[in-house]
Amino acid sequence: MYLPWLKKYNLLTFDKIDSTNSEAIRLVKAGVRGDHVIWASSQSVGRGTHGRRWTSEYGNLYLSLLLDRNIITETLPQLSFVTALALRSTIAQIAGKEKQKLIGLKWPNDVLYDGKKIGGILLESIKVKAQNYLVIGVGVNILNCPTNLDRPVTSLLAEGIVVKKYGQELNIFMHHFDKFFDKWQNKGFGAIRKEWLSGAEYLHKTVCINDGNNNITGIFKTISKDGTIVIKLASGEKINISSGEVANKST
Ligand code: BTN
């Protein structure tokens with residue numbers, strides 16, 4: 001198998017670890033330099049967004065990318081969209097290209113399959129001596145579905161999709177991540193944003209967003225140049241929200 005991404009990243013593998021994101025942060029704090037992929041077969045304290053636990057039994061994909069590239073702070077959230085596109089392509093390659101239409105991208109960091117959550121992204125950044133390091137945590141349900149989420153979840157297995165060879169999904173993901181990262185660097189966020197919007201869940205529909213303080217209801221108009229979601233309120237006013245949980249108003 002040809003694995004060109006291995007020339008760019010140091011690969012660290014674990015049978016079991018607390019959290020691949022936590023390991024990436026420990027590496028940064030210990031002064032380790034260079035881009036890394038931290039891949040674990042299971043996690044004892046897998047972390048999700050909003051302080052949730054990410055159930056991490058054997059059989060799913062758990063990885064963190066540690067990027068030592070001093071990406072400027074304002075553009076860090078854009079990497080969530082880059083990663084979501086790589087995840088969509090990964091799942092489509094495994095499931096079969098004709099299934100791509102079933103894969104939805106839910107702002108800001110979820111990947112859905114037939115409306116059910118199948119993967120998530122946890123972006124964390126850490127600054128050491130004025131240098132920004134980015135940690136992109138990726139979880140994909142392959143054999144198991146987490147049971148602690150209050151929304152529909154699924155796995156590739158539950159959808160009748162089989163990953164034929166262990167580790168294949170990591171290689172496929174890294175291939176696509178590299179491709180979309182290059183696109184982001186060479187063509188800018190505009191190209192990524194356009195492609196992401198083509199697979200966006202709830203676009204032009206009424207959604208309810210909890211931004212941590214309030215529930216905001218309105219029409220999901222677009223994603224702005226800085227990655228915030230643009231919502232049109234009933235008053236006609238358009239507002240930008242930078243983080244929160246999106247639900248389709250009908251759910
Ligand atoms: C979400 O809540 O949707 C984000 C889930 C991110 C889970 C992944 S699994 C690998 C990496 N390590 C962690 O502890 N979390 C991320």
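Note that ligands are numbered from 1 as they come in the structure, with each ligand's atoms numbered from 1 the same way.
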Contact atoms of ligand 1, heavy-atom distance to [X] under 4.0 Å:
| X | answer |
| --- | --- |
| Arg47 | 6 (C), 7 (C), 13 (C), 14 (O), 15 (N), 16 (C) |
| Gly46 | 14 (O) |
| Leu63 | 10 (C), 11 (C) |
| Thr20 | 10 (C), 11 (C), 12 (N) |

Quiz: residues 181-188 side-chain donor-acceptor pairs under 3.5 angstrom, not counting sequence neighbours:
unit_1: Lys183; atom_1: NZ; unit_2: Glu195; atom_2: OE1; d: 2.7
unit_1: Trp184; atom_1: NE1; unit_2: Gln78; atom_2: OE1; d: 2.8
unit_1: Asn186; atom_1: ND2; unit_2: Asp182; atom_2: O; d: 3.1

*Just checking, any donor-acceptor pair under 3.5 angstrom between side chains of Ser155 and Asn60?*
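Their side chains do not contain a donor-acceptor pair, so the 3.5 Å distance test is not met.
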*asked:* Less than 3.5 Å apart, any donor N or O on the side chain of Gln93 or His176 sitting next to an acceptor on the other?
replied: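 Their side chains do contain a donor-acceptor pair, which is all the 3.5 Å distance test asks for.
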*Kindly check if the number of other-residue, nucleotide or ligand heavy atoms within 6.0 Å of NZ (Lys116) is above 12?*
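Atom NZ in Lys116 is packed in, count exceeds 12.
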*State, with a plain yes or no, whether a side-chain heavy atom of Glu23 is found less than 4.5 Å away from one of Ser64.*
no
_Heavy-atom side-chain proximity of Asp178 to Tyr9 below 4.5 angstrom_ =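 Answer yes - side chains close enough.
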With a heavy-atom distance limit of 4.0 Å, tell me whether [X] approaches ligand 1 through its side chain, its backbone, both, or neither.
| X | answer |
| --- | --- |
| Asp110 | side chain |
| Gln43 | side chain |
| Lys117 | side chain |

*For atom 2 (O) of ligand 1, what is the nearest protein heavy atom, given as residue, atom name and distance?*
Thr49 N, 2.8 Å
*What's the shortest distance from atom 5 (C) of ligand 1 to any protein heavy atom, and which residue and atom give it?*
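Checked against all protein heavy atoms, atom 5 (C) of ligand 1 sits closest to Trp54 CE3, 3.4 Å.
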_Just to verify, what does Ile239 make a side-chain contact (heavy atoms from CB on, under 4.5 Å) with, not counting sequence neighbours?_
Ile216, Ile231, Leu233, Glu237, Ile241
*Give a yes/no on ligand 1: does Ile121 have at least one heavy atom closer than 4.0 angstrom to it?*
yes
